[in-house]
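This report refers to the structure that appears directly beneath it.
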Amino acid sequence: HEIIGKVVRLGPGVDKFSLGQRVGIGVQRSNCGGCDCCGAKIEQLCSKITKTYAGPGKDKGGFSRYIRYTAHWTFAVPEGIPSEQAAPLLCAGITTFSPLKRHCRPGMTVGIIGIGGLGHLAIQYARAMGCTVAAISTSDSKRTEAAEFGASVYIVSSDASQMAAAKGTLDVILNTASSTGVAGMDEYFALLKPRGVTACVSLPEKDE
Ligand SMILES: [Zn+2]
Ligand SMILES: [Zn+2]
């Protein structure tokens, strides 16, 4: 579901692509077009979505040689982006871009928990949205790469003094880490300013 390919056929009435054009396809294949979510242009929340994979048909996602797809959910890939860099934007990218776009405004300070496949993109998006970015990780090992991606603050969540010093400094937290084994949600919530927002795109195991 992070697919880059070239257009080989076009359905009737599709004029937004040309044959041979490089395009990208993510998780969502379609939406109903008639529900409140679709009407409000939040079609990703439509309850009748169909997906690239794991559907009732023969969908094999990007492992197939060809895929037939709705034009609405196919995206042009700008020339300057190599295919291997464009592909992750279609899942990891949109997963982090969507909550940041909704909650972040220029000048805010945004904490990104977890500097991995999602977090490294989240740092870059938040920075590009004009925010100060605090990378939050369990150890010091991601400090250099977090700074390279645009984080100007680095908080080690296993260090109680660093967590205490960062209390009440964040407008938004985006949690991309699946474990609360080092710091719990309470400790993370304490990093927020009053009326701050936490968005979780990952959740801990139920026994954590
Ligand atoms: Zn719908
Ligand atoms: Zn994915």
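Order of appearance sets the numbers: ligands from 1, and atoms from 1 within every ligand.
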In this structure, the Zn ion (ligand 2) sits at the vertex of an angle between SG of C91 and NE2 of H1 that rounds to 10° as 110°

What is the SG(C46)-the Zn ion (ligand 1)-SG(C32) angle, to the nearest 10 degrees?
-> 110°

List for me each residue that meets side-chain contact (heavy atoms from CB on, under 4.5 Å) alongside I42, sequence neighbours excluded, and say none if there are none.
-> C37, A40, Q44, L45

Looking at residues at least two apart in the chain, or sitting in another chain, which of them share a salt bridge (Lys or Arg N to Asp or Glu O under 4.0 Å) with D140?
-> R143

Let me know which of L90, T50, I49 forms a side chain to side chain contact (heavy atoms under 4.5 Å, CB included) with Q28.
-> I49

Side chain to side chain contact (heavy atoms under 4.5 Å, CB included) with L121: which of L89, T95, I94?
-> L89

To the nearest 10°, how many degrees is the angle C35 SG to the Zn ion (ligand 1) to C38 SG?
-> 100°

